[in-house]
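Note sheet for the following structure.
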Amino acid sequence: MKRTGSQIFVESLKAEGVDTIFCYPGGATLNITDALTDISNIRQIVVRHEQGAVHAADGYARALGRPGVALVTSGPGATNTVTGIATACMDSIPIVVFSCQVNTMLIGNDAFQEADIVGITRPCTKHSYLVRDVKDLARIIKEAFHIASSGRPGPVLVDIPKDVSSAVCDFKYPEKVHIRSYQPTYVGHQGQIKKAMRLILHSKRPVLYTGGGVVLSNASQELTRFAEALSIPVTNTLMGLGGIPGNHPLFLGMLGMHGTYAANMAITESDLIIAMGARFDDRATGKTDEFAPHAKIIHVDIDPTSISKNIKVDIPIVGDTRNVLTQMLKIIDEDKETYRQHHKNVAEWTGKITRWKKDYPLTYQKNKELKPQYVIERVFGLTKGKAIITTEVGQNQMWTAQFFKFLKPRTCLTSGGLGTMGYGFPAAIGAQAAFPKSLVIDIAGDGSIQMNIQELATAVQYNLPVKVIILNNGFLGMVRQWQELFYEKRYTWTHLHSPDFVKVAEAYGAVGLRIEKESEVDKILKEAFRNNRPTFVDVHVSPKECVYPMVPAGASLKEMLLV
Amino acid sequence: MKHTISLLVENEFGVLSRIAGLFSGRGFNIESLCVAESLDPTISTMTIVTTGNDAILEQILKQLNKLINVIKVVDFKDIEYVSREMVLVKVNAEEKTRAEILRIVEIFRGKIVDVSSKTYTVMITGDEDKLSAFINLIRPLGIKELVRTGPIAMARGERMLKIKETENKGGEEDG
């Protein structure tokens, strides 16, 4: 059947089950834009800035577990996606970004709105394609979705020149993908797994250190079962939050720079770290020389490059976290009694950890001021954890990680690796598009929200009723905190003038609410959660609150500054 | 420490820049890089000489394997292999030095591939040590220009760099 490139594009998206795309038109998209006219089973959400489109696709993918799709025009449209792509790449999020390109004949001529986007994004994509012949288009789209969502997931960019989208050829969507140079390892090596299980049985102070890989491979049930079967305490990275319920007795909270006392001390005193789908990022490990100095390390990860990159590992296991946990659980099930005995070995350890949790809980100084931590506690209290939470980056992100107890995976959407301010709001729009009936809340700061505030128009236009809670302290709080602690309180560049967010919201046709006192928090939050419209809640919080505990940059995890 | 790595990669445009970009982006060194089509025209063979300690080499190999267009990576660290390089040297050829140049070239089994009234262009092949020894000998006679290819390498004996259709390049199997 003869089809144009644009029709092939539309048919291929349908074949991949794509129901939503986040897009922005331009000269080079016109063929494809036109082909999408009246295609009602692909929802087309036109954003206000291409960065927003990619973050929205990313939020959609994180919340739903299926690849998100963005479509943008050539030149500036394409370059505006770079931050979004790099964000998804660092956090291993499956998205496919289609950029349109100038005509094939013009490529390399510095044509109007031409940019070498394949070249520009090469270091921050999992893979990328320039489609030079319409005959390759269907195969490339098939491969792009496959590569984005398999192995260690990540962003794939497909650059489609305008003449390719108008050229005609026979179309049949390929049923299978075969890439001879790409076959990720999913099943863990049985010998390595047996070795790991022996090591676990001999451990007295084991800790599970789990990351985004658990969420990405949908392994949270297996992880929880595994931890319970062996009575091993669990700490999460920021990316791993929700991988085990935040209120689980074995859960220690997040580790690292703003991790809990219990988590950081458990790592420091542990004799066996079982790392699952985590990559020993510097914000999690602190000073690597002093990370878990007494521990052997088992590391399960689907990406071999993550293993022994920052910290030398004793037992590497390459594989999908969920598969490996399932393989491990099978070994436990075959010898239940032995493993139940293990609870005795670790009883002293779990007792010690319980005391740490009790003696050094996450807390803050309660006084007459309205504290940001209190606001997040109330967001959790009022929603009972039944919400999809996105964050921006900085103090708002760390307080959310500390004080919102994520009960389920895929409910904490945050830019962990790249730390992208401006991520949370468009990501919330993406998550809301994936789950129209869920309560989706972006916890923002007055700095971050202004990095993609234009997407409020998108939320209003498509009636995506996301709630943005702006913890407004008049500062770029996290940088200000470092200035307070390490730069003798010289608050250079960090004091912010912001607009009246209530009026901004109203001007966009959204709802604007304000909280100035602790006594208003419940009432106004309830009002925000109840209405079915996009809503900004401008919360005037105490301006100089700091995030604690804090491990100073370059220090070891046990050197925490407490409240 | 120096390492020689061989790669089989898809013979497509953009692959070289992915590999070069990987080295520069992650701060790895490239001492030399040779690339050309292999016996199978859909595949190119690359030989890269790099430097770094064992941990860095391990990362280089893993990161190369992770690139979608890379089919196979072999490190010659623990493999017997032959490695050859070619150099072209344009050397001053004055009346009194010509005989000396010819003698050195003969000893090294090189060839004079171009002659002018004032220069000889010499081609020598061999391993790195041989080429360096030749260059050191000829240097006092006046080298005007020098171009080296960088080494290409191949395992000794029956061992071959080839792909299996079910190539599994990710697994750690030291269990």
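Atom set for the values below is all heavy atoms of this structure, side chains included, hydrogens, waters and symmetry mates excluded. First the proteins, then the strands, lettered A, B, ... as listed; each starts at 1.
At most 12 non-hydrogen atoms from other residues, nucleotides or ligands lie less than 6.0 angstrom from CE of B:Met154. For CD of B:Glu94, the number of neighbouring non-hydrogen atoms (other residues, nucleotides, ligands) closer than 6.0 Å is greater than 12. Under a cut-off of 6.0 angstrom, the local environment of CD in A:Glu175 is sparse, with at most 12 non-hydrogen atoms contributed by other residues, nucleotides or ligands. Within a 6.0 Å radius of CD1 in B:Ile152, no more than 12 heavy atoms belonging to other residues, nucleotides or ligands are found. Residue-environment remark: NZ (B:Lys90) stays at or below the threshold of 12 foreign heavy atoms within 6.0 Å. Other residues, nucleotides and ligands contribute over 12 non-hydrogen atoms within 6.0 Å of the CZ atom of A:Arg139. In this structure, A:Asp110 places its CG atom where only 12 or fewer heavy-atom neighbours from other residues, nucleotides or ligands lie under 6.0 Å away. The local environment of NZ in A:Lys142 is crowded, with over 12 non-hydrogen atoms from other residues, nucleotides or ligands closer than 6.0 Å.
In this structure, A:Ile179 and B:Glu10 have side chains that are not in contact, with every pair of non-hydrogen atoms separated by 4.5 Å or more. Side-chain contact between A:Lys126 and B:Lys66 is absent, with no heavy-atom pair separated by less than 4.5 Å.
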Open item on the list: Could you walk me through whether B:Asn69 and A:Tyr182 satisfy the side-chain contact (heavy atoms from CB on, under 4.5 Å) test, starting with their C-alpha distance in whole Å, then the side-chain angles of each, then the deciding distance to 0.1 Å, before giving a yes or no?
Closed with: CA-CA 8 Å; B:Asn69 293 136; A:Tyr182 176 68; over 6 Å; no
Task: Worked check of side-chain contact (heavy atoms from CB on, under 4.5 Å) between B:Lys62 and A:Ile307 - done: CA-CA 9 Å; B:Lys62 285 175 167 179; A:Ile307 294 177; 4.0 Å; yes
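Looking at B:Glu58 and A:Lys309, no side-chain N of the basic residue comes within less than 4.0 Å of a carboxylate O on the acidic one, giving no salt bridge.
Side chains of B:Arg26 and A:Thr305: no donor on one and acceptor on the other come within 3.5 Å.
The contact list for residues 143-156 of chain A toward chain B, using heavy atoms and a distance under 4.5 Å, reads A:Ile147, A:Arg152 by residue number.
Within the 4.5 angstrom heavy-atom criterion, only side-chain atoms of B:Gln59, from C-beta onward, approach chain A. Neither the backbone nor the side chain of A:Lys194 comes within contact range of chain B; no heavy atom of the residue lies under 4.5 Å from a heavy atom of that chain.
Here CD1 of B:Ile68 is found 14.0 Å from CZ of A:Arg180. Values are rounded to the nearest 0.5 Å.
Contact count versus chain A (heavy atoms, under 4.5 Å) is highest, among B:Gly25, B:Ser17, B:Gly21, for B:Ser17. Comparing A:Ser128, A:Pro123, A:Gly119 by how many heavy-atom pairs each has under 4.5 Å with chain B, the most go to A:Ser128.
Using a distance-only test at 3.5 Å, with no hydrogens or angles considered, no donor-acceptor pair links the side chain of B:Lys72 to the main chain of A:Ser181.
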Exercise answer: donor-acceptor pairs, residues 137-144 of chain B side-chain atoms, under 3.5 Å, sequence neighbours excluded:
residue  : atom : partner : partner atom : Å
B:Lys144 : NZ   : B:Asn92 : OD1          : 3.4

